[in-house]
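Throughout, a chain's letter reflects where its sequence line sits, starting with A, and its residues are numbered from 1. Keep in mind that the numbers below use all heavy atoms, side chains included, and drop hydrogens, waters and symmetry copies.
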2 protein chains.
Amino acid sequence: MKPTANRILVLRAMLTAQYPVSLPEMVQTLSTMDKSSIFRVLSVFQQHHVVHSIEDGSGVLKYEVCGGADGCTLSDMHTHFHCEVCRRTFCFKAIHIPPIELPEGFSMESVNYLVKGVCSDCAKKPR
Amino acid sequence: MKPTANRILVLRAMLTAQYPVSLPEMVQTLSTMDKSSIFRVLSVFQQHHVVHSIEDGSGVLKYEVCGGADGCTLSDMHTHFHCEVCRRTFCFKAIHIPPIELPEGFSMESVNYLVKGVCSDCAKKPR
DNA sequence: AAAGCCATGCACCCGGGTTGCAAAACGTCC
DNA sequence: GGACGTTTTGCAACCCGGGTGCATGGCTTT
């Protein structure tokens with residue numbers, strides 16, 4: 001995988017963001033790049049396990065840089081929280097996903113643990 | 001909430017399906033109803049906690065009839081499995097979602113525990 | 001019977017995701 | 001350095017799921 005200028009841009013944008021970002025958000029941020037280019041960069045990143053996508057109930061996919069140096073393993077996956085008021089997504093990096101036992105014959109590729117509710121900020125400031 | 005003919009149709013279709021169904025699927029099945037009608041029926045059902053929606057990584061929302069007679073509580077939520085080969089969604093009704101401890105100030109409204117991978121059927125029949 | 005309300009169907013819009021295609025950038029070999 | 005093949009990029013367009021505005025029609029209430 002070659003370190004293209006665009007790829008570096010995307011990766012840097014994702015690293016600086018402290019929460020998972022969506023494609024539309026990146027289109028906003030990286031105004032020099034085209035939507036499809038960002039999309040393709042993200043696809044390549046996913047294939048090479050540099051980033052992974054999560055779904056947070058907002059309806060749009062969010063992307064996140066994988067944790068470990070050797071890509072992201074299952075144990076590295078953490079829980080996510082989607083605030084239904086401010087629509088932000090939080091990574092609870094400290095809270096790992098509790099494992100479950102799959103039925104016979106089923107093999108796991110990835111896990112998503114998503115909590116929806118009200119975040120602490122929005123709980124404090126009632127509108 | 002009135003038991004309209006259409007609402008009965010939708011509810012019956014959901015009860016007979018043994019896995020969560022998507023809106024497009026219901027449009028296919030209930031050919032007499034319009035997409036927007038089904039959509040609105042599902043919205044009403046969700047407001048009255050008759051059904052709830054889950055996201056299974058396929059990109060489209062799936063709907064499922066709530067379990068308990070008094071609507072679906074958090075403890076009633078179960079895990080879901082999305083097969084990346086046949087694109088079916090399984091309800092592991094027996095496997096409840098293991099709880100996590102949220103940080104201070106965060107309140108939970110709903111939980112989604114989604115596993116992606118290969119189901120037992122697709123594991124048997126290699127293509 | 002008249003008025004009001006709600007459900008329905010139709011058309012349409014919106015926005016995220018995705019692809020086809022042609023131009024541009026890059027790397028390589030002579 | 002020039003020609004060539006490969007990869008990446010930008011543009012345009014498409015697909016599809018979700019959602020809405022509006023007018024009709026049926027049912028209820030007075």
For this session: Look at the side chain of B/Ser37 and the backbone N and O of B/Met33, then say whether any donor-acceptor pair between them is shorter than 3.5 Å.
Result: no

Exercise. When only distance counts, do a donor and an acceptor, one from the side chain of B/Thr4 and one from the base of C/dC6, lie under 3.5 Å apart?
Worked result: no

Starting the side chain at C-beta, find the nucleotide from [options] nearest to [X].
X: B/Ser36; options: D/dG10, D/dG18, C/dC10; result: C/dC10
X: A/Arg7; options: D/dG18, C/dA11, D/dT8; result: D/dT8
X: B/Pro24; options: D/dT9, D/dG18, C/dT8; result: D/dG18

Seminar exercise, completed: Tightest non-hydrogen contact, residues B/Pro99 and A/Pro98, listed as O-CG, 4.4 Å

Over how many whole Å does the gap from [X] atom [atom1] to [N] atom [atom2] extend?
X: B/Glu55; N: C/dG16; atom1: CD; atom2: C1'; value: 14 Å
X: A/Leu30; N: D/dT8; atom1: CG; atom2: P; value: 18 Å
X: A/Arg40; N: C/dG17; atom1: CZ; atom2: C1'; value: 12 Å
X: B/Gln28; N: D/dC16; atom1: CD; atom2: P; value: 12 Å
X: B/Lys35; N: D/dG18; atom1: NZ; atom2: C1'; value: 7 Å
X: A/Leu42; N: D/dT9; atom1: CG; atom2: C1'; value: 15 Å
X: A/Met33; N: D/dT9; atom1: CE; atom2: P; value: 6 Å
X: A/Asn6; N: D/dT9; atom1: CG; atom2: C1'; value: 7 Å

Exercise. Base, sugar-phosphate alone, or nothing: which one does B/Ser53 contact when heavy atoms must sit under 4.0 Å apart?
Worked result: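 Counting heavy atoms under 4.0 Å across all strands, no contact is made by B/Ser53.
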
Exercise. Looking across every strand, which nucleic acid part, if any, lies under 4.0 Å from B/Ser58 by heavy atom: base, sugar-phosphate, or nothing?
Worked result: nothing

For this session: Please check if the distance between the ring centroids of A/Phe106 and B/Phe90 is under 6.0 Å.
Result: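 Yes: the rings meet the under 6.0 Å criterion.
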
For this session: Compute the ring centroids of B/His82 and B/His80, then answer whether they are less than 6.0 Å apart.
Result: no

For this session: Compute whether any side-chain donor of one residue and acceptor of the other, for A/Ser120 and B/Glu104, lie under 3.5 angstrom apart.
Result: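 No pair is found: no donor N or O on one side chain lies under 3.5 Å from an acceptor on the other.
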
Exercise. With nearest nucleotides of DNA chain C determined for B/Asp34 and B/Met1 from heavy-atom distances, which residue corresponds to the more 5′ nucleotide?
Worked result: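 The residue mapped nearer the 5' terminus is B/Met1.
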
For this session: Would you mind telling me which residue lines up with the more 5' stretch of DNA chain C, B/Val44 or A/Phe39, judged by nearest nucleotide?
Result: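 Closest to the 5' end, via its nearest nucleotide, is B/Val44.
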
Exercise. Closer to the 5' end of DNA chain D via nearest nucleotide, is it B/Lys2 or B/Lys62?
Worked result: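 In this pair, the answer is B/Lys62.
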
